[in-house]
Each structure stands twice: as structure tokens, then as C-alpha cells.
Amino acid sequence: MKRLISLLFFLCPFGIFSQEFALSHIDGTSSSFHRFAPSQSSGSILVNHQGGLGQKKPVGYPGEKAKTEKLIAKGNDYFDKMWYAGAARVFDIVLEKTEAGHTPALLSKAGDSHYYTGNLEKAYEWYHELYGQHQEEMHGDTYLKYAQSSKGAGKYRRAATLTKILRQKRDEPLNELNTIDPRTWEGSYTVTIKNLGINSRYSDFSPMFHNGSDIVYASAKDTLFLTSRRYRRTNQPFLDLYIAKSKNKEGDLTSPQKFSKKINTKYHEASMAFSPDQKTIYFTRNNYGKRLKMGKNGINHLKIYRSRFTNGAWGKAEELPFNGEDYSTGHPTISPDGTKMYFVSDRPGGFGETDIYVVDIIENGGFSKPKNLGRTINTKDKEMFPYVADNALYFSSNRPMGFGGLDVYRSDGANGGFGIGVNLGKPINSNKDDFSYIVDATGERGYFASNRKGGKGDDDIYSFKYTLNLNAIVGTVENGLTGEVVDKANISLYSDEGKLINEAVSDTAGNYLFKNLGSTTNYTVVAKKKGFVSDSLPVETKENENISITQYLKQLVGEKPIVDLFEPSDVYFDFDSFKISPRSAQELDKLVNALKENESLSLKIASHTDAIGPEAYNKYLSDKRAKSTRDYLVSQGIDPSRIISAIGYGEERLLNDCSNGTPCAPDQHRLNRRSEFILVSG
């Protein structure tokens, strides 16, 4: 239902309901926020739960030409009425089960129908075919929806390409993409999220704290027996406000029930906020009196209403004075001191499709003139679902450089306003829509909504908890021969899959730090410096503990490799093994490239073991390692004649004092199990 609301607001393509509670419209329709989308007609009809076009097979299916034309006409009729759920099912049947031509109009409407109901994967499928077959006939708004659907389907590179194409079509400078702040908020915390038991198979979103332990939220859950009024845009029941009790410290909720008969109507109510004393509720509703009211563009817009709690009950709702008949206003939130209201609107004069505004709440219950929060918050795209806590503004936006459709951002208070919004990152954000984020006074617990995979329905409410993250790797780099510290060494942190996660440089004491790491997670730390043999060390973190490691770099002496062309890293072996590991292969591939780019270079390979085990066996094992290294290079296209030697030295050339009988840590023994390379010119 967020989509209903958003659609009401602004025809945007995100969560089936929460977006509808957004505020924008495109081409005379409402926003893709079908959660609370405006409609051209009431769209309220009684349908049996077992009904629905998608469950009926058309006569003559896949049918003859006349039957197909009737199906297309039915789909167009549903689409024009903004009954997108039904239209999507009809267009899928036409495109997948009949011989109808895949025309630009048909593909575009099929994509739009899924886009407006939150099925971005299916929308991407039809937009992608449209792009491949009829690119020259695509309009700018279709490129936008295609790009957003691409992100929702996990196609981030395509989304970036389409964004550039769209900017070129709009004659917008591409360098503006470089001015978008792509930063992700980083704190010394781990985040645990949990899907709540109160979620239904429909849309549940917009949680809000009430009376300490209660949560009020919007839901399209069906509470009637057999039949229910449906919102034809999504074929789901209309949104109502519900209230649930806090069950435990983990954020679970229980005993949901409808909030108030005075507030819930036969149309949409969602996205609410309470005054600090909890005696006044502000919420979003269709523009509705005795019947739905239409603006000049034939759309029923959203408005913010207010109700007061007196004599033990909520009173009749009244609309606020800064609403409009020809634009939407919604998503209210109240500042902790109760003096300001922030809200979303697509009213004229904004910076984008929907912007966040603020008004002062006057003591007599009046309001100041709405003020746009400006370009530090609002963009050319959609900003919505604001929430203010502890001098910070949280909101959702579908601006470029995000993880998915709507992402949650945080903006800290600055100079009487708010600074640049910073993406909260994963796991709060996903490749789908993430929105209506709220956090308690401690800043540690809260809720948000998402239509990410793995949920129970359309939009689901999730609890989250921030836990102080003490997982860190504290490292020191030393000279393996002298024991002196090595400063200005380049340190790289890799995941267990070999992905570069972070980089650091050792300080004057040879120290470095990687913090905010995962618990009980495998990493690899690689230390490098010119003139030294590199060191690669596997490390497993523990549960909220610092892990201390020391890395030993051997200074190169004697034959000097041509480090200006290539400085090889050591290739390490597992205990009692001469098999080339995937990580070693990655290092050897660098050597292969250097040799191929510099035909005048030759190579010497020297392999070594630790001092564990018989000396004769170690000599044999190191020779096998040298030969397996040579064989790998030859298999990658290196001429065998360019490999001058491949010699195993066993335990003859240890890098430390870990000889037979000397107790050493495992990482010190591992330092000796290596292959070294000397590049020789001529």
C-alpha cells in the first residue's frame, strides 16, 4: 500500500504500497507510490477474495486475433483506470500466450503496469525487450523507469548506463553524476534486522512510536470475511491504521488491531505522526469528504489530516490548511520538541518529483507557510518518508548512486538546517525499496519497511538493532630479518572470496588498524613495500574482540628484481602441500602479465618450506612447489626458456629463527612456506 500512497502522491515505481504513499504523478497518472496513490476514480469495488482476472483463462486462449484484440482492449482499459495489477496480468497473457506483436505501446504498458505495482523484476523484463527492439521510440520517463527497474533487478551497471542516456536526452551535464555524494554512513556498529510476525501477505509499512511501547502502522491486511473492498490499482484492500504492542527488547510486536474508527475510512489512511504528548495524530489520507474529490487533472490527491484525543477517544479528523486540491501532501513527522512538522509534497516550485518541506507549529494550532528544505536534502528525484530524531533527519530517496529503488538516508542538523544526506548502506538498504525508517531516542533500535526478497508479503516491517562493533584487526609490520618496524607499508584487507575490502598504510611504529569488521569472519591481510618480499596472512575475527597480528617482511638483498616493472608478491602454500591455491593463482597471474608485457625479462623461482618435518622431505616438497609454480606459468603461455631456474631450497633459507626445535607461532612458520621470484633482464 505504500505504493498506493505514493501513487497518490507521485506515480513512482517503488514498494507496492509505501510508494503509493509517495507524492508524484507522471503523465496524468499518480505516482508509483501505489501505497496511497491518487486515482482518477474511486476504484472502490467489492470483489471476492477468490476473484481476479489473473485466475480466469480467457476464452479461446491463446485465442484468435479477435480474442487477442479484446484482451488488449481490456488491458488498456484497466491501465487507463490505473488498475495496474489487473492490467499487468492481462498484458502478460497477451505477450506470453498469444501471437500479438510486441509493439512499443504494448511493451511499455506491460512494463509500467508491473513498475507501478512494485514488481520491478518483471517490469525490467518488458522494459529490456522494449529497449532492445524499439529503443528509438522510448521516452525519457520510460528510461527513468527502466533504470530504476534495473536496480531493483540487481542490474546496477545497466542502471548507471541508462542514467547517463537519460541525462543526455534531457541535455543535462553528465559531470553532475560526479557531484552526487555516494558516501555510505559508517558507524562502529553491526546491524541486526528481523522480519516481524505482524506482517501480512499485503502491504505493511510506516511504523510510528506511540505511547512508549506501542507501534502504529499502515496495513492493507484483509480483516473482513470472504469479501473486502479492493484498491483496483494493486488489487489489494485499502490501507488502514493499526496499532500493535511491543513484545520484547528484540522489537517483536503483537496483538495488532485497527487504530480508530474515527480515523480509518473506506479509503486510504497511512503515514502518521504524533505530537510529543501523544494527544494529536497527523496522518495521510485521500482527499475525501462524502466522496473522493478530484483535482483539475482528474486525480484524487493526498492530504494531511489531524485528529485530537479527548475524553478517551480520537475525534473527527480535520485537514490541515497547507494542503492543496491539485497536488499531494503527506508523510508527516513531528520534531521531538513538537515545534515543527516535516512532510512531503509534489506542489509546484519544488526541486524534484517530490520534496520534503517544513512548517512551524504555532501554539494556537496554526502553521507557518511551508518551506522547502533545499538542495542539501531535495534532488530532482523523489524524497519522502521523513523522520526527525536526535538532531538528524532520516528520509528515503530514489536518487542515483543508491542500492535500489528507495534507499534510506541520514542528514545531520547543521546551521539551523540539515546537511547532505548520507546513505545508511546495507543491510538497512537493499536492491528494492527501503523506507519509513524510525529510530528510538537511544539511536539503537527502530523499525523500517521494505519490499526486499524474503518477506512475507508486499511491503513488510522490519525491526533493527545497532550493536557496538568491536571487531578489529590490529596489525604490526616488522622487518623479518632485523625485527625493526616497517613504516609506510601498504596493507590490503581481502574477504575470504578475494575481494578487496579496505586499505591502510603502516605508521611510524609499523602499526595499522582495520575496524568495524564482521565477527567470526575469515579475511586475508597482505602487506607490501618496495624492496621487501610481501606477506599474506589469513586472519579470522572473533566475537567483538580485537585480533592482533604481526607481519614480517623480508628485505630483498643480492640480485635485485626490476621493481619498476613488477614487484612480485610471495605465493604461499598450505602445510604439506604443493598445490597452487586460487589466491596464489591470482598473484601468479600478475607475474604472467608482467612477463608478457616485457619480453626481455626472464625469471628465477625459489621455493621454500618451514622447518617442520624431516629436512630431506622438506627439500623434496619445496622442489615440487618450485616445479608446480613453473608449470602453472608455462600453462598460462610463458615460454619455458624464459624460466632460468625453479629450485626448491627446503628449510635452508628461513626468514626467521623458526628452525627445528624452536617454538614458533603458526603464522611465523607459514612465513617460511613461500615461493619467491627474481625478474632478470637480458
Side-chain angles (χ1 to χ4, degrees), residues 186-191 425-427 467-481 483-529 532-554 567-577 579-588 590 608-612 654-658 663-676:
E186 293 183 1
S188 54
Y189 299 90
T190 56
V191 187
K426 297 182 178 180
T467 303
L468 188 63
N469 185 356
L470 301 178
N471 296 314
I473 295 176
V474 181
T476 302
V477 185
E478 295 183 2
N479 188 309
L481 297 178
E484 297 177 347
V485 300
V486 177
D487 65 351
K488 298 183 179 179
N490 297 310
I491 317 298
S492 300
L493 179 70
Y494 294 90
S495 69
D496 195 35
E497 295 77 25
K499 180 180 179 181
L500 179 63
I501 297 175
N502 205 346
E503 294 180 303
V505 177
S506 60
D507 60 21
T508 55
N511 299 325
Y512 61 88
L513 172 66
F514 293 118
K515 58 183 181 179
N516 301 332
L517 303 178
S519 59
T520 60
T521 302
N522 292 315
Y523 296 95
T524 299
V525 182
V526 178
K528 298 180 180 180
K529 185 174 182 179
F532 290 82
V533 177
S534 302
D535 177 48
S536 178
L537 185 65
V539 182
E540 182 179 6
T541 57
K542 297 182 179 180
E543 184 68 38
N544 266 353
E545 292 185 23
N546 288 345
I547 303 297
S548 297
I549 63 172
T550 301
Q551 293 180 274
Y552 303 94
L553 301 185
K554 177 188 174 184
E567 182 179 5
S569 300
D570 287 345
V571 174
Y572 288 89
F573 294 87
D574 292 332
F575 178 73
D576 198 29
S577 171
K579 181 180 179 181
I580 301 295
S581 67
R583 173 56 60 79
S584 296
Q586 291 180 6
E587 291 297 324
L588 290 175
K590 299 176 185 177
H608 310 272
T609 68
D610 54 34
I612 301 174
L654 301 177
L655 296 179
N656 48 38
D657 296 327
C658 296
C664 287
D667 61 329
Q668 292 177 298
H669 281 300
R670 185 176 183 280
L671 183 64
N672 294 314
R673 299 194 299 267
R674 68 202 188 276
S675 280
E676 297 174 341

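Computed from a prediction, not measured in an experiment: that's the story for all the values here.
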Does the side-chain contact (heavy atoms from CB on, under 4.5 Å) test come out yes or no for Leu493 and Leu517, once each step is laid out?
CA-CA 11 Å; Leu493 179 70; Leu517 303 178; 3.7 Å; yes

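Judged by distance alone, the side chain of Thr524 and the main-chain N or O of Leu537 form no donor-acceptor pair under 3.5 Å. Remark: the backbone N or O of Ile491 is not paired with any side-chain donor or acceptor of Gln551 at under 3.5 angstrom. With hydrogens and angles disregarded, a donor-acceptor distance shorter than 3.5 Å links the side chain of Ser506 to the backbone of Val486. Using a distance-only test at 3.5 Å, with no hydrogens or angles considered, no donor-acceptor pair links the side chain of Ser519 to the main chain of Lys542.
For Glu484, the side chain to side chain donor-acceptor pair (under 3.5 Å) test picks out no residue, with sequence neighbours left out. Among residues two or more places apart in sequence or in another chain, the ring pair (Phe, Tyr, Trp, His ring centres under 6.0 Å) test is passed with Tyr523 by none. Scored by the side chain to side chain donor-acceptor pair (under 3.5 Å) test, Asn511 finds Thr476 as partners (sequence neighbours excluded). Here Pro538 pairs with Arg670 under the side chain to side chain contact (heavy atoms under 4.5 Å, CB included) rule; sequence neighbours left out. Residues forming a side chain to side chain donor-acceptor pair (under 3.5 Å) with Thr521 (at least two apart in sequence, or on another chain): none. Applying the salt bridge (Lys or Arg N to Asp or Glu O under 4.0 Å) rule to Asp507 yields no partners; only residues at least two apart in sequence or on another chain are considered.
Between the OG1 atom in Thr541 and the CZ atom in Phe514 there is a gap of 13.5 Å [rounded to 0.5 Å]. For the atom pair CG (Leu468) and CG (Leu470), the distance works out to 4.5 Å, reported to the nearest 0.5 Å. A distance of 13.0 Å separates CD1 in Ile473 from CD in Glu545, rounded to the nearest 0.5 Å.
Contact of the Asn490 side chain with the Tyr512 side chain is not registered, since no non-hydrogen atoms from C-beta on lie closer than 4.5 Å. Within the 4.5 Å cutoff, the side chain of Leu500 has heavy atoms near those of the Ser492 side chain. Side-chain contact between Asn469 and Asn544: present, with at least one pair of heavy atoms (C-beta onward) separated by less than 4.5 Å.
Scanning all heavy atoms of the two residues, the minimum distance from Leu553 to Ala489 falls at CD1-CB, 4.5 Å. Shortest non-hydrogen contact noted between Thr508 and Asp487 is CA-CB, 3.8 Å. Closest non-hydrogen pair, Val485 versus Ala509, comes out as CG1-O, 3.4 Å. When all heavy atoms are compared, the tightest approach of Gly518 to Asn471 is C-ND2, 3.7 Å.
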